[in-house]
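Here's the structure we're looking at; comments come further down.
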Amino acid sequence: MPRYNPAVVEPKWQQYWEAKKTFAAAKSPVGPKLYVLDMFPYPSGNGLHVGHPEGYTATDIVCRFERMNGKSVLHPMGWDAFGLPAEQHAIKTQQPPRVTTEKNIATFRRQLKSLGFSYDWDREVSTTDVEYFRWTQWIFLQLFDTWYDTAAKKGRPIAELPIPAEVSAQGGLAVDKYRDEHRLAYQLEAPVNWCPNLGTVLANEEVIGGVSERGGHPVVRIPLRQWMLRITAYADRLESDLEGLDWSEGIKALQRNWIGRSTGAEVDFYIGREPGRNGKPHPAEFKQWRDARGASGFPRTAGPEVLRVFTTRPDTLYGATYVVVAPEHPLVERLTMPDRKAEVQAYCEQAARKSDLDRTDLAKHKTGVFTGSFAANPANNRPVPVWIADYVLAGYGTGAIMAVPAHDERDYAFAKQFDLPIIPVVDPGEGSKIRAEVLGGALCYADHGTAMNSSEYDGTPTAEFKTKITAELARRGEAREAVNYKLRDWLFSRQHFWGEPFPILHELDDAGNPTGRLRAIAPESLPVNLPPMTEFKPHGRPEPPLEEAPQDWLYVTLDGKRYKRETNTMPQWAGSCWYFLRFIDPKNSDALIDPALEKAWMPVDLYIGGAEHAVLHLLYARFWHKVLFDRGIVTMREPFQKLVNQGMILGELEITGYQRADGSWVSARDVKEGENEKSLHRQTGEELRAVRVASADAKKEGDSLVLVADAAIRLDSRAYKMSKSRGNVINPDDVVKEYGADSLRLYEMFMGPLEATKPWATTGVNGVRGFLDRVWRMIVNDRADELEIHPAVQAVPLTEEQDRILHRTIRDVTQDIRRLSFNTAIAKMMEFTNFYTGCEVRPREAMEKIVLLLSPLAPHIAEELWELLGHPETLAYEPWPTFDEAKIRESTIEIPVQILGKVRGRIIVPADADDAAIEAAARADEKIAPLLEGKTIVKTIIAQKRLVNFVVK
RNA sequence: GCGAGAGUGGCGGAAUUGGCAGACGCGCUGGACUUAGGAUCCAGUACCGUAAGGUGUAAGGGUUCAACUCCCUUCUCUCGCACCA
């Protein structure tokens, strides 16, 4: 009995494709090209997750579909294989990360191949391949060699950086330093999470509540020399270039949000070089300063005699009743009056100890300290007190703000806390319910309105006022328009072993100490390989593990000078920033990519991956790509034309009930969530046990799910993220073994829309397997002893109905695949199969067409049936079936007839009937006619031959 | 708090521009064939009602001949960001 047996069929075709190199892409596209890319996976030790094949199947369907439509398809796969787990494994077991990584890659490769994806495996790359990261390092050298010309809005070679005369006058070292400060890759002392007990530096996500995730050891923030990438220089372009991309608005919004552009003004508040009497600026000096500013204009950088603030609401300047600087602000010392010194110092130290998280968590309760000094509000020249508070972030804007408590929630809370004056300067308008409270200073109002308490500007609408006052202050040299971004420069170094080494050398003096001069490795001397290491245990200092590398790696002598290698490594993001370029020309040893091939294949036409990379990976990759564009290495502004995020696949739906310790039930309504996901009784607070309830023991009552045994006990029903600890992880290998790869692929596509989050249901896999079984039996004679065509399949013409259904199916499936609406495409093919299975005679032509339609989604069974139908070659390049709209049209159509919007009958009319004929038929219908009797027809609507509606009285 | 997305049968989900709500699948019920079935085939399956009929797309309101779809208000859930001035 030749039953459908994927365990035989699938390996057979996988071997065929591999042996014949069916899916090897041409070096350059022949005819129209299509570059379809999956976000390449991190090959973790756990193997493939069912989430991976979701996106991979979607791209595979598109690729197979478009090959049949004559496109030259590039569809590669590789590995994002640097990463912490391999290093942690090495620390535990002494097994080198490369060994673990390669083992994991082998597992992933085997699993992906078992799912029949049509990758061009000849192009496989791993970020950990030395020949790959050679070019990652090469790109770093480009970043190092580039400065951002803000006037030209373009990255340019560092050699073209204009050197100010006063810098060149100071000599070569000063020039070098000046250049280093302007490179896109630069060094900075930045705080890291140092855990003395573990002897290692931790990533932010490894620190929870001030202690290490592993072991719960204390973590302190210490400054360490780091490499930074100047992504902020590209913030504007990263935002504005989103516009032309075919990405969902949601993802664009996420990126815009992350970049966080806000426009406003920088305003200088005069403080004087030295504090005057009572901490207030000296009036005479202040006047002098104002006159000078009027002449000189607004300087690029603020001197120590002013506090420069950034505001998006310059219109509220008259309401700025105090100024706040961050505890890290460079002028803290100058601002602090002698009698406040102890208090200020204590406050700043305390703030330094808090992590970023602590600072924001305690947002409700504002803290701060008065410096004792005052700054002059440029709107009215009045002195306002200067405070220090950690609600102002040092890293954003200028690290100082003008506080307008009447119109900013945070300033309002702070003013209330410390009893500072609140002056309303924006009138919400007479229509506003809260106007009286706002004008009385009892409520904060952050929206637009009209100006008040703002001298000659009173009555000006907010938007107009903003530009007016900014222009006026700019004229006086006290402010300028300014743009700020939430986006920060990218901390690009990690204190890990398992990452790309930086191609940078630090010059040493005769005593072996760094001189501060950097030397980039010559591009032709790349790659800088990782040194062989025998010991992976942390050496106990915050410096990177490569500090313990063998001396002959660590120290280099070039041109008679001694250098020490950079021992930081790059973050995991680095390799994934450009892998899509390497896939185009993976074996090129002379260049990152052949420019002709880049031009031919880029951009990526379709990029599918998880939403977890919606911000960082995409932003970083776009940034690198723009730098490469500026430097003439690539020709496209943007790498990813169309982006789709597949939704998460959750575990099976779970019904949960709650029990007390004695086993008695508690209704879910009385359960609240405590810490660590513990369930607590809402009233008594006692801890409850969450137990899984079988679906047979639950029933729906009204809107809620209750116990069959006791309808008073409500239950929770939801699907959870798959996780080892919950024990709801589905292993794709098991599904392939039990149902076959085609069933897994088909099920994941049938679950629902690609972008939706959906729960797994194994019964659903069984369902699509049933469909494949039916397709098989529609074509294969399952009663014969040998594999042979079903006797019902005959080389005869199609009946009119068969033809109509065939052509309709071709049309719908084609459209649905184009829209990435695979669930409905599958439904249409199920309808086809249900119909044709019922036919005594199944024309061969129809069978061949359905096999072709099915082949992108379930390629193995399709190839097998295609072969059985007498085609010795793969169907991968068969032309995609076409349809004839004329054949889909029916000779008669059924039209529902409504009276007052309710369906009361149906009529059958010739397809070419005009509106008058349709109306006549509707009036004459035996169900409709009696209902119309005695009524006045006010209006008759005949909608596109799809519906008739009588409006009667 | 801000931003994005979603809410349709017992479940996953369908429904070009507003035009027959519930395609397709799971599950369930009944039947056929069977020694047997987790195989296969047939029929039924939103809810209330014996029926005629009525009611239904988170809740409420609106626009329209006609609303899952458009507008307003509210609620719930998911995801992201979170003192960004």
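Reminder, nothing fancy here: chain letters follow the sequence lines and each chain counts from 1.
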(message) Ring-plane angle category for A:F418 and A:W387, please: parallel below 30°, perpendicular beyond 60°, tilted otherwise.
(response)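 The rings of A:F418 and A:W387 sit tilted, inter-plane angle from 30° to 60°.
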(request) Please work out whether the ring planes of A:F310 and A:Y396 are parallel, tilted or perpendicular, with thresholds of 30° and 60°. (result)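 A:F310 and A:Y396: perpendicular rings.
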Distance check, [atom1] atoms only: [N] and [M], in whole angstrom units.
N     : M     : atom1 : result
B:A58 : B:U76 : C1'   : 7 Å
B:A66 : B:C47 : C1'   : 23 Å
B:C48 : B:C42 : P     : 28 Å
B:U74 : B:G7  : C1'   : 14 Å
B:C75 : B:G61 : C1'   : 15 Å
B:G10 : B:U64 : C1'   : 35 Å
B:C20 : B:C65 : C1'   : 16 Å
B:G12 : B:U78 : P     : 15 Å

[options]: which one has an atom nearest the side-chain heavy atoms of [X]?
X      : options             : value
A:K758 : B:G3, B:C83, B:G13  : B:G13
A:P759 : B:G12, B:C65, B:A4  : B:G12
A:W258 : B:C81, B:A85, B:U78 : B:C81

(request) Check whether any side-chain N or O of A:Y396 sits under 4.0 Å from OP1 or OP2 of B:A85, and answer yes or no. (result)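 So the side-chain polar atoms of A:Y396 do come within 4.0 Å of the phosphate oxygens OP1 or OP2 of B:A85, strictly under.
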(message) Taking the nucleotide of RNA chain B with the nearest heavy atom to each, does A:E738 or A:V615 sit closer to the 5' end?
(response)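 Between the two, 5'-proximity favours A:E738.
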(request) Identify, between A:P753 and A:T311, the residue whose nearest nucleotide on RNA chain B lies closer to the 5' end. (result)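 Final value for this comparison: A:P753.
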Please name the nucleotide paired to [N] by Watson-Crick or G-U wobble geometry with both distances under 3.5 Å, or report none.
N     : answer
B:A32 : B:U40
B:A66 : none
B:A52 : none
B:C20 : none
B:G10 : B:C26
B:G3  : B:C79

Sugar-phosphate only, base, or nothing, as touched by [X] at under 4.0 Å among non-hydrogen atoms:
X      : answer
A:S262 : sugar-phosphate
A:L254 : sugar-phosphate
A:K902 : sugar-phosphate
A:R904 : sugar-phosphate
A:G250 : sugar-phosphate

Taking the six-membered ring of [Y] as reference, does the cationic atom of [X] (NZ for Lys, CZ for Arg) lie under 6.0 Å from its centre and within 45° of its axis?
X      : Y      : value
A:R726 : A:Y720 : yes
A:R745 : A:Y747 : no
A:K366 : A:Y391 : yes

(request) Check for a donor-acceptor pair, side chain of A:T398 on one end and backbone N or O of A:R308 on the other, with a separation under 3.5 Å. (result)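 Here the side-chain-to-backbone pair exists.
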(request) Could you tell me whether the side chain of A:K486 and the main chain of A:R261 form a donor-acceptor pair under 3.5 Å? (result)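 No: the side chain of A:K486 does not pair with the backbone of A:R261.
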[X] [atom1] - [N] [atom2] separation (whole Å):
X      : N     : atom1 : atom2 : value
A:L772 : B:A39 : CG    : C1'   : 16 Å
A:R819 : B:A14 : CZ    : C1'   : 10 Å
A:L754 : B:A14 : CG    : P     : 12 Å
A:M648 : B:U78 : CE    : P     : 11 Å
A:F414 : B:A85 : CZ    : P     : 18 Å

(message) So if I define the base as every atom that isn't primed, P, OP1 or OP2, how would nucleotides 19-33 of chain B read as a B/S/- string at a heavy-atom cutoff under 4.0 Å?
(response) BB--BBSS-------
(message) Closer than 4.0 angstrom, basic N to acidic O: yes or no for A:R906 and A:E894?
(response)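 Salt bridge: yes.
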(message) We want to know whether A:N484 and A:S262 form a side-chain donor-acceptor pair, criterion being a heavy-atom distance below 3.5 angstrom.
(response)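 No.
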